[in-house]
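In what follows, every chain begins at residue 1, and chains take the letters A, B, ... in the order their sequences are listed. Being a predicted model, the structure only gives us computed values, none of them experimental.
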Protein chains: 2
Amino acid sequence: MFAHAQSDPSLSKDDYEAQEARLRVALLKAQYRRLERAEQALLVVVAGIDGAGKGDTINLLNEWMDPRHIKTMAFGPPEGEELERPALWRYWNDLPAKGRTGIVFGSWYVPLLREAARKKPRTRRIEAHAESIRRFEALLAAEGVQVIKLWYHLSAQAQRQRTQQLLATPETAWQVTPADRKVQKKYTRLCEAGRQAIELTDSPHAPWTVIPSADDRLRAIRTSETVLDALSRRPPRVAAGPARPAPATRPPQRLARVDDDARVDKDEYAAALPLWQGRLAKAVRSPAFRERSLVLVFEGQDAAGKGGAIRRVTRALDARQFDLTPIGAPAAYELARPYLWRFWRRLPRRGRIAIFDRSWYGRVLVERVERLAKPADWRRAYAEINDFEQQLADHGAIVLKFWLAITPDVQLQRFRERQQSPFKHFKITADDWRNREKWDAYTLAADAMLARTDTPHAPWHVVPSNDKRYARIQVLKHIVETLERSL
Amino acid sequence: MFAHAQSDPSLSKDDYEAQEARLRVALLKAQYRRLERAEQALLVVVAGIDGAGKGDTINLLNEWMDPRHIKTMAFGPPEGEELERPALWRYWNDLPAKGRTGIVFGSWYVPLLREAARKKPRTRRIEAHAESIRRFEALLAAEGVQVIKLWYHLSAQAQRQRTQQLLATPETAWQVTPADRKVQKKYTRLCEAGRQAIELTDSPHAPWTVIPSADDRLRAIRTSETVLDALSRRPPRVAAGPARPAPATRPPQRLARVDDDARVDKDEYAAALPLWQGRLAKAVRSPAFRERSLVLVFEGQDAAGKGGAIRRVTRALDARQFDLTPIGAPAAYELARPYLWRFWRRLPRRGRIAIFDRSWYGRVLVERVERLAKPADWRRAYAEINDFEQQLADHGAIVLKFWLAITPDVQLQRFRERQQSPFKHFKITADDWRNREKWDAYTLAADAMLARTDTPHAPWHVVPSNDKRYARIQVLKHIVETLERSL
């Protein structure tokens, strides 16, 4: 794997100059073509032996390409807000739009490499890191973010030589940090870690390239060649499941089993509402909650009463503590990123609450039913969403999802009421009537969603909602009981 | 000012219902008209007596308007990343796009109100807070962000009554926080602080309205009326200076005094470059720098050598420590906010460096020369920019600005070289040749900029750049010497 790089090959000045011109022209052309098409972003992940000149990649690409469309994504150890979200949050947050290029330092490989470079690496952890990386990169590739990974390599001898050369004159000695000197001792272990990381995570849609780095000229040429190659190719799509789709099995019909008659009378409601709100207020103000966060998802047919239920929840919350995100059709800059991007950006910090009025489940509901997403795309979304919510839960978030279930006749009645109300008829659009005609398709999609994404770490609550009062109390009750149990 | 609210007026149920329908229809219509026009955002600043039901504004507006276009901007005491930027950063960061509405809790009035409510308020600090608020709101108004401010008021007796009612039943007692009880004692001081804040910051473009709040119904109606009124009116433009513009005085011709022949020979350069880079590397890695930050601005005619100078700087930096932002024409979502918005978002944290390849000075350079901004707009920009940089400096940022000065003949020569180079001719566009014809207009604009924005807290360095080597060394030298002096 490293054999060629280990021999510290080099490039003559003449050869370099001959190739430089050609590569720079080709890089710029490829970059502009990408930008124009705006089909894919490119992430260049930089890793490798310390002292191999990885950092120069930034200067190189910014000089040889048009720097206005390149973004350096350089991360140190997680700090501040980053620590309050799952580890991948900072990379999600910074994803470049389709057409653009990001150079990633301190990437999602750091935990894997650190583990693999330990004196006694823990196999299970290595495998867990690798698995999470594979999932992340597969999702990115499927969503139009191409990933290439560069491993900068040189021999131990060349590494030592470089360090000594730099240390020899005070003007360049600053380039050698104490960490570098320490790392030198770990050369063998880092090589082994790199080998392992590459083996575990090399894939057609996110390939590794080893860049020989003892010679500055060769390193520059190889780096640009690799980037050029990536820019010029449209990457293979991630396998979208079996070629012949499995016969569509009807998911368990959980929605058919809803008790549509469940109701609460007015007096009972008036008495219960403040009680549950009081308990909710207490729970989210408790010291234990400061270490957790809460993610609430509301889904349901139009006019199911999502907004009203949410307002009964927010009335018990401090405005500074929650963030309400109503989800509509994505804007252009959101469409330029993977569909989960806009949700990652709204994840709550510790001690905070994020409420989604509609959510990432749009992928397997409206996008499926309205054919806005290809079958291969919404089919893989179940696993991607489960993985996303798992990351939230692993990080201490409490994730609760509500499907407010109403029957078609109640929807019709509410639509009519809205149309007759002077200030609610705005809420009814032609879209709503059209969606109504697709009631069965939405029910099928919802049943499949409930079957495939109801997990212990992020459970679905199907709430009978023909009676709004009943639904509101149920929602509060589920939240309160979960919080009281979890804290 | 508070006389009417102090009498705790109320509204009957019948009157309320009669007005509700009318207001909700009107609010929705006004909101959609705003969205369609997308000329202005609206910020609703919420303040007032504690326990007056301010928090309910969120539920009210989200219920009576379309919640998809309303953003709650609720802030507690500054924390985490917020502390590493000037105080207004978090509000800038969250500004809604034109057409949309934001509800602001924990606004920029908190420091002013807190100071004014002290036992012994310090007049000077109050005036300083008020002045900074007036500037901020004037800028917002001029840039298409309408601001209205609501003061929720009720009598001391009504406040006491509300608290006691809530405390009477355990289901509602949670609504009264220990802070509320304490605040009650400070009623008189808070009223006085409110009165003072209103007097100091009431203006036609950002008016205050006192909302009587003892009665829930009246509070809801008055709140919506005020928001409706704001949504329906196009606010008065902020005075754009004297009606008859002062005669255009030619600014001091600083650029005419540049030593165009300054140069460094190749050997001297090869020796000096690593020395300065070494000192730079040392300075930004020093413990003292961890408490500061560095903002570098590069401006100059096309082909002045900005990119090359920047790369000589970044070569001495750790990729995780700096953020390079090349500034081109703004994107749609940037145009939907005040022009300074995209720069506020890129401000460095403590210990970090932000480099701008072109910057907010585009407002008084390209936007002025190409008539992309109205004269009134770029004229007020000098003061706005000085104020912006002052906020940075006050917060511990070191701000350095470089104008790389070349002569027309050198530009022509570089353009020709670029056109002949296989990989640089991409860099030359029709725009560049066009801009060249406006050389004198750019020089005039640059001289005015240098005269009006060269401040002790953010000085301009005019760097003779006909010789690239000379310019690069000068840039490094200025940065290093400033850092070494400041740390």
### Query
What residues of residues 61-68 of chain B sit under 4.5 Å from chain A when you count only heavy atoms?
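The stretch touches chain A at B:Asn62, B:Glu63, B:Pro67, B:Arg68.
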
### Message
Quick check: do B:Thr314 and A:Asn59 have side-chain heavy atoms less than 4.5 Å from each other?
### Response
yes

### Message
Please identify, among B:Arg285, B:Arg315, B:Lys71, B:Arg311, the residue contributing the most non-hydrogen atom pairs under 4.5 Å to chain A.
### Response
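Heavy-atom pair counts peak at B:Arg311.
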
[X] versus chain B, heavy atoms under 4.5 Å apart: side chain, backbone, both or neither?
{"X": "A:Ala316", "result": "both"}
{"X": "A:Phe75", "result": "backbone"}
{"X": "A:Arg349", "result": "side chain"}

### Task
Indicate the atoms forming the closest heavy-atom contact of A:Ala74 with B:Ala319, along with that distance.
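Closest pair (atom of A:Ala74, atom of B:Ala319, distance): CB-O, 3.1 Å.
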
### Task
Flag the pair A:Arg352 and B:Glu79 as a salt bridge only when some basic side-chain nitrogen lies within less than 4.0 angstrom of an acidic carboxylate oxygen.
yes

#### Entry: Those residues of residues 16-24 of chain A, ordered by number, that approach chain B below 4.5 Å (heavy atom to heavy atom)
A:Glu20, A:Ala21, A:Arg24

### Query
Under a 4.5 Å heavy-atom cutoff, which of A:Gly80, A:Ala332, A:Gly55, A:Ala281 has the most pairs with chain B?
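Option with the greatest count: A:Ala281.
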
### Summary
Scored by heavy-atom pairs under 4.5 Å with chain B, the best of A:Ile58, A:Asp318, A:Leu28, A:Asp56 is A:Leu28

